[in-house]
Amino acid sequence: MPKMTFVERDGTRREVEAPLGLSVLEIAHKHGVDIEGACEGSLACSTCHVIVDASWFPKLETPTEDEEDMLDLAFDLQETSRLGCQLIMTDKLDGLVVKLPAGSRNAG
Ligand code: FES
C-alpha cells in the first residue's frame with residue numbers, strides 16, 4: 001500500500017496509508033487529518049488547499065484551469081499549492097508529502 005505524509009500546522013509529520021485512486025482529500029479524511037473540503041471535490045471551494053513538498057510538485061499532473069481559478073482564492077497560497085481533492089494517489093506518488101496551509105477561507 002502506498003504511503004503519504006501530511007505535515008500538520010504545528011510541524012507534526014503524519015505518515016498514513018494512501019490507497020491508490022483516492023484523492024489526498026479523501027486520504028486526509030480517512031485518517032482524521034484536518035482538511036475541510038467543503039464541496040467534497042467538486043471544485044467549488046478552496047478549503048482542500050494543501051502545499052505540496054517542492055520535490056514532489058513536478059511529479060504531479062498539471063492542474064486544470066478550474067483548479068487554478070479556485071486556488072487563486074485560497075488563503076496562504078504558495079508556489080506549490082494544489083487542491084487536495086484533485087490530487088489522486090498513484091504508484092508514482094507513493095511517498096508524497098503535503099503540508100497543511102496556515103488556514104483556509106471558504107470561498108462559498
Ligand atoms: S473540496 Fe472543494 S475544491 Fe476541493
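Evaluation of the side chain to side chain contact (heavy atoms under 4.5 Å, CB included) rule for T64 yields L43, D66, E67 as partners, not counting sequence neighbours. For Q78, the side chain to side chain contact (heavy atoms under 4.5 Å, CB included) partners two or more places apart in sequence, or in a different chain, are I51, D76, S81. Residues forming a side chain to side chain donor-acceptor pair (under 3.5 Å) with D91 (at least two apart in sequence, or on another chain): none. Judged as a side chain to side chain donor-acceptor pair (under 3.5 Å), and not counting sequence neighbours, T62 has no contacts. Considering only residues two or more places apart in sequence or on other chains, D53 meets the side chain to side chain contact (heavy atoms under 4.5 Å, CB included) condition with S55, W56, V97. The side chain to side chain donor-acceptor pair (under 3.5 Å) test applied to D69 returns no partner, not counting sequence neighbours. Qualifying salt bridge (Lys or Arg N to Asp or Glu O under 4.0 Å) partners for D94, counting only residues two or more places apart in sequence or in other chains: none.
Following chains of ILVMFWY side-chain contacts shorter than 4.5 Å, one cannot reach I88 starting from V98, and the two form parts of different hydrophobic clusters.
No more than 12 heavy atoms of other residues, nucleotides or ligands lie within 6.0 Å of NZ in K30, so this atom counts as exposed by the packing criterion. Residue E68 qualifies as enclosed at atom CD: its count of foreign heavy atoms under 6.0 Å is above 12.
Atom CD1 of I27 sits about 5.5 Å away from atom CE of M4, to the nearest 0.5 Å.
Within the 4.5 Å cutoff, no side-chain heavy atoms of M89 are placed close to those of M1.
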Can you list, pair by pair, the side-chain donor-acceptor contacts under 3.5 Å of residues 13-25, counting residues two or more places apart and other chains?
unit_1: R14; atom_1: NH1; unit_2: E8; atom_2: OE2; d: 3.4
unit_1: R14; atom_1: NH2; unit_2: H31; atom_2: O; d: 2.6
unit_1: S23; atom_1: OG; unit_2: L25; atom_2: N; d: 3.4
unit_1: S23; atom_1: OG; unit_2: E26; atom_2: N; d: 3.1
unit_1: S23; atom_1: OG; unit_2: E26; atom_2: OE1; d: 3.3

Exercise for review: Might you work through the side chain to side chain contact (heavy atoms under 4.5 Å, CB included) test for L87 and L93, ending with a clear yes or no?
Suggested key: CA-CA 9 Å; L87 300 176; L93 296 186; 5.5 Å; no
